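Let me begin by presenting the structure, written as structure tokens, before commenting on it.
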Amino acid sequence: QVQLVESGGGLVPVGGSLRLSCVASGRTFSSYTMGWFRQTPGKERAFVARISRNSGVTDYTASVKGRFTISRDNAKNTVYLQMNSLKPEDTAIYYCAASPRLGITRYEYDYWGQGTQVTVSS
């Protein structure tokens, strides 16, 4: 069992930056692919980024490439999402998730955090 707790969301102006953090409980954090997803009202939860167990592989949805960076610190059981050059369309609830598999689709993620709100004001 893994429990995930996100933090770092908030209100930021267009072009600003935020860093989200997600701390995992348990001693097997390094055995999970970690992902970030986001959701807006009335829409499905959408993939944002993922990072492999040893940070060797990262993957991003096209709309955030070059602006967002996912990273992890296995010693701290924490995954991060650095978000730069934020746009109004980045406004969403952001969730971190853990997958014991490759984590290519959201259906592969077994554990989810409660979410943190990110609002980009125009």
Side-chain angles (χ1 to χ4, degrees):
Q1 193 79 351
V2 177
Q3 292 186 324
L4 304 172
V5 179
E6 303 100 332
S7 62
L11 176 65
V12 62
V14 171
S17 297
L18 280 175
R19 188 175 83 154
L20 306 183
S21 300
C22 173
V23 179
S25 65
R27 294 172 289 180
T28 59
F29 177 75
S30 61
S31 66
Y32 291 93
T33 295
M34 297 301 296
W36 285 97
F37 293 76
R38 63 188 180 185
Q39 189 170 21
T40 54
K43 293 191 177 181
E44 289 191 351
R45 197 166 296 186
F47 169 79
V48 175
R50 69 183 176 105
I51 187 166
S52 63
R53 297 170 182 83
N54 62 358
S55 303
V57 175
T58 58
D59 189 22
Y60 300 89
T61 192
S63 63
V64 308
K65 281 183 180 177
R67 300 189 298 123
F68 291 11
T69 303
I70 189 171
S71 62
R72 66 189 296 164
D73 185 339
N74 287 343
K76 296 182 178 180
N77 282 12
T78 302
V79 61
Y80 305 97
L81 186 67
Q82 177 67 45
M83 305 186 296
N84 299 329
S85 303
L86 283 161
K87 304 175 180 180
E89 51 264 43
D90 295 318
T91 296
I93 299 174
Y94 283 72
Y95 298 88
C96 73
S99 171
R101 295 167 282 278
L102 293 178
I104 296 174
T105 73
R106 65 186 174 102
Y107 305 104
E108 297 180 53
Y109 289 82
D110 294 345
Y111 304 103
W112 294 83
Q114 82 289 348
T116 186
Q117 176 71 49
V118 171
T119 303
V120 183
S121 62
S122 57

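Note that these values count all heavy atoms, side chains included, but never hydrogens, waters or copies made by symmetry. Everything quoted here is computed from the prediction, not taken from an experiment.
For Arg50, the salt bridge (charged side-chain N to carboxylate O under 4.0 Å, His left out) test picks out Asp59, with sequence neighbours left out. Tyr95 is linked by a side chain to side chain donor-acceptor pair (under 3.5 Å) to nothing, counting only residues two or more places apart in sequence or in another chain.
For Arg53 (side chain) and Ser31 (main-chain N/O), a donor-acceptor pair under 3.5 Å exists by modelled atom type. Panel note: side chain Asn74, backbone Phe29; no donor-acceptor pair is recorded below 3.5 Å. Looking only at distances, no side-chain donor or acceptor of Glu6 sits under 3.5 Å from a matching main-chain atom of Cys22.
Inter-residue side-chain proximity for Val118 and Met83 is flagged as met; some heavy-atom pair is nearer than 4.5 Å. In this structure the side chain of Asp110 reaches within 4.5 angstrom of the side chain of Arg101, judged on heavy atoms. Residues Val14 and Pro88 form a side-chain contact, since some pair of their non-hydrogen atoms from C-beta on lies under 4.5 Å apart. The shortest distance between side-chain heavy atoms of Val5 and Gln114 falls below 4.5 Å.
Phe37 and Met34 are members of different hydrophobic clusters when ILVMFWY side chains are connected at heavy-atom separations under 4.5 Å. There is no path of hydrophobic side-chain contacts, each under 4.5 Å, that joins Ile93 to Leu18. When the side chains of ILVMFWY residues are joined at heavy-atom separations under 4.5 Å, either directly or via intervening members, Tyr109 and Val2 end up in two distinct hydrophobic clusters. Taking hydrophobic clusters as Ile, Leu, Val, Met, Phe, Trp and Tyr residues chained together by side-chain heavy-atom distances below 4.5 Å, Phe47 does not share a cluster with Val64. Following chains of ILVMFWY side-chain contacts shorter than 4.5 Å, one cannot reach Trp36 starting from Val57, and the two form parts of different hydrophobic clusters.
Across all non-hydrogen atoms, the minimal contact from Thr33 to Ser52 is OG1-CA, 4.3 Å. Nearest heavy-atom pair across Thr69 and Tyr60 is CA-OH, 3.4 Å. Counting all heavy atoms, side chain and backbone alike, Glu108 lies closest to Gly103 at OE1-N, 3.0 Å. Among all heavy-atom pairs drawn from Tyr94 and Leu20, the shortest one is CB-CD1, 3.5 Å. In plain terms, the two heavy atoms of Ser121 and Leu11 that are nearest each other are CB-CD1, 4.0 Å. Residue Ala92 comes nearest to Thr40 through the heavy atom pair CB-CG2, 3.7 Å, listed as atom of the first residue, atom of the second, then distance.
Atom OG of Ser63 and atom CZ of Phe68 lie 7.5 Å apart (nearest 0.5 Å). Annotation: the span from Asn77 atom CG to Ser30 atom OG amounts to 8.0 Å, rounded to 0.5 Å. Rounding to the nearest 0.5 Å gives a distance of 11.0 Å between OG1 of Thr119 and CG of Asp90. Taking CD1 of Ile70 as the reference point, atom SG of Cys96 lies at 9.0 Å (rounded to 0.5 Å).
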Pair Arg38-Thr91, side chain to side chain contact (heavy atoms under 4.5 Å, CB included): steps then yes or no: CA-CA 9 Å; Arg38 63 188 180 185; Thr91 296; over 6 Å; no

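Within a 6.0 Å sphere centred on CD of Glu89, heavy atoms belonging to other residues, nucleotides or ligands number more than 12. Remark: Gln39 CD is packed, more than 12 non-hydrogen atoms of other residues, nucleotides or ligands lying under 6.0 Å away.
In the model, Ser71 has no side-chain atom that pairs as donor or acceptor with a side-chain atom of Asp73 under 3.5 Å.
In this structure, Tyr111 and Tyr32 have perpendicular ring planes: the angle between them is above 60°, well past the 30° mark.
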